[in-house]
Amino acid sequence: MPAKTFYLETFGCQMNAHDSEKVSGTLLEKGYTRVETPEEAGLVLYNTCSIRDKAEQKVYHRLQQFRREAGRGKIFGVLGCVAQQEGEKIFERAPHVSLVAGSASYTRLPEMLVELEAGSRRVTGLSLETEETFDTPFARRDNPHRAYITIIEGCDKSCSYCVVPFTRGPERSRSSASVLEEAARLAASGYTDLQLLGQNVNSYRDPSPAGWDFATLLARVAETPGIRRVRFTTSHPRDFVKAIVEAIDDHPVLCDHVHLPVQSGSDRVLERMQRLYTRSEYMCRIEWMKNARRSLAITTDIIVGFPGETGEDFEQTLALLDEVEYDSLFSFKYSPRPNTAAMAMADPVPEEEKTARLATLVEKQRAIQMRKNSALVGSVQEVMVEGRNQAGQWIGRTSQNRVLNFMGGSPAMGAYLPVRVMRAGPNSLAGEAT
Ligand code: SAM
Ligand code: SF4
């Protein structure tokens, strides 16, 4: 087996993607080398997602693929949400796994590596009792221009469908000084685009005496010299205050985009989901954003087929789409998750009905996006250049988080430039450098 080499595959959300950057950085710092395939690696790690059942099953499938390799000295580890949720049961289901650790234990990663290197075959990091956040100076970032910064870990809400409070533990905010120091360090090494991360960034509360709230932190990060764009995700409508929109008004560096997951347009369903807001309270936040000085793109998450969701409830979600006119949305079929309150709820929606509702929702949203994107034809948008596609166009991203592919010029990666929109599709725009 090759000495001190690792392969790391990531499933799930941006929090997981950034955790993987931190895990990679820590391993590289400990003398490991990253390789591109599990076959080449001495240590194979999967950073897992358990938000829906499908995501969880993928991991077991991966583990089965390489079962025989374990006998040849390869070490397997399961990190992240499935690790936290399933714990030591993973050792029974996949006996070739030697490490099972949830994200709240990553501060102990160096010690866990020492145990593995010493030959231990049952290493666990499953405690959720931590006050700490996994701040590491060693994060190995995957993108040279856009960087994630974690500002808060865990979640103190109890949405009745969601495993996150069980897999990521209680909320822990990072000190504002540490966040600002990381932003300044990233700017000094050439990053211009920052994304602040947390399951619920709006409930950020600076643990240091300064005691800043999220809107204050956001404004201060936006003032970092050299930073051109700042985004944040995810917001919870209950904790989304007007001061956040005011900070966006005052700081053009804060992107023209807010992701505000609604989950359902029906008050009855929102209550059963324990989301802690009503449709009209949610719409009040949308009004603040619609009245902002710049035109803000608004995106959301929606779950269809929550237990007890009637046809009438679903109609209310469709009507909400017309009312808000989201710029984009992520939609999911409800998936029952272990430990959650919704597991015990009666009146499940049949799978075929969930599939039909999802298709109706996607089709409606597609028409809204087509209409909204078409309205941008003829306008000039500033993009950050992210790469080149197979058709030979440059891939750009606007402040509103739209993909704008374009021809013309020979821009450097990470450059900002104006592009005229010539054509629109439901999911992207096409244009020419001006
Ligand atoms: N903290 C964020 C929030 O409050 O919206 C994101 C949580 S989760 C990583 C992202 C999305 O997954 C949620 O907004 C929700 O729409 C969806 N989701 C969570 N649990 C789900 C479940 N059991 N079934 C289907 N979708 C789910
Ligand atoms: Fe899950 Fe709700 Fe917390 Fe988001 S706010 S992570 S949906 S419990």
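Atoms within a ligand are numbered from 1 in the order they appear, just like the ligands themselves.
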What do you reckon, does [X] put a non-hydrogen atom under 4.0 Å from ligand 1?
X: Val164; answer: no
X: Ile303; answer: yes
X: Arg275; answer: yes
X: Lys333; answer: yes

Mark yes or no for whether [X], through its side chain, and [Y], through its backbone, hold a donor-acceptor pair below 3.5 Å.
X: Thr317; Y: Gly265; answer: yes
X: Asn16; Y: Phe11; answer: yes
X: His18; Y: Leu197; answer: no

Give the atom numbers and elements of ligand 2 that come within less than 4.0 Å of a heavy atom of [X].
X: Cys159; answer: 2 (Fe), 5 (S), 7 (S), 8 (S)
X: Pro165; answer: 8 (S)
X: His236; answer: 5 (S)

Between [X] and ligand 2, which residue portion shows a heavy-atom distance shorter than 4.0 Å: side chain, backbone, both, or neither?
X: Asn200; value: neither
X: Pro261; value: neither
X: Cys155; value: side chain

Taking [atom] as the reference point, the nearest protein heavy atom with its distance:
atom: atom 8 (S) of ligand 1; value: Ile51 CD1, 3.5 Å
atom: atom 20 (N) of ligand 1; value: Tyr161 CD1, 3.3 Å
atom: atom 14 (O) of ligand 1; value: Asp301 OD2, 2.6 Å
atom: atom 3 (C) of ligand 1; value: Thr234 CG2, 3.8 Å
atom: atom 7 (S) of ligand 2; value: Tyr161 OH, 3.4 Å

What atoms in ligand 1 come closer than 4.0 Å to a heavy atom of [X]?
X: Gln263; result: 5 (O), 13 (C), 14 (O), 15 (C), 16 (O)
X: Arg337; result: 23 (N)
X: Pro261; result: 5 (O)
X: Tyr334; result: 24 (N), 25 (C)

Any N or O of [X] that comes nearer than 3.5 Å to an N or O of ligand 1?
X: Gln199; answer: yes
X: Arg52; answer: yes
X: Ser235; answer: no

Using only heavy-atom distances, determine whether the side chains of [X] and [Y] contain a donor-acceptor pair under 3.5 Å.
X: Tyr416; Y: Thr192; result: yes
X: Ser203; Y: Glu171; result: yes
X: Ser24; Y: Arg34; result: yes
X: His259; Y: Asp301; result: yes
X: Ser335; Y: Lys54; result: no
X: Glu56; Y: Ser50; result: no

### Task
Salt-bridge test for Arg357 and Glu309: reply yes if a basic N is under 4.0 Å from a carboxylate O, no otherwise.
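Yes, charged N to carboxylate O under 4.0 Å.
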
### Query
Applying a strict 4.0 Å limit to heavy atoms, is Arg275 in contact with ligand 2?
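So Arg275 counts as touching ligand 2.
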
### Query
Among Leu217, Ile149, Ile152, which residue meets the side-chain contact (heavy atoms from CB on, under 4.5 Å) test with Arg174?
Ile149

### Query
For the residue pair Tyr326 and Tyr282, does the interplanar ring angle fall in the parallel (under 30°), tilted (30 to 60°) or perpendicular (over 60°) class?
tilted

### Query
To the nearest 0.5 Å, how far apart are CD1 in Ile151 and CZ in Arg205?
12.0 Å

### Partner of Lys22 under salt bridge (Lys or Arg N to Asp or Glu O under 4.0 Å), chosen from Glu29, Glu182, Glu153
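Option passing the salt bridge (Lys or Arg N to Asp or Glu O under 4.0 Å) with Lys22: Glu153.
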
[X] and ligand 1 - part of the residue with a heavy-atom distance under 4.0 Å:
X: Ser335; value: both
X: Lys354; value: neither
X: Phe332; value: side chain

#### Entry: Asn47 to Tyr106 - nearest heavy-atom pair and separation
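Where Asn47 meets Tyr106 most closely, the heavy atoms are OD1-OH, 3.4 Å.
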
### Message
Under 2.8 Å from atom 2 (Fe) of ligand 2, can any N, O or S atom of Cys162 be found?
### Response
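Short answer: no, not a single N, O or S atom is under the cut-off.
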
### Message
Can you see whether Tyr191 has Arg146 sitting over its ring - NZ or CZ less than 6.0 Å from the centre and within 45° of the normal?
### Response
no

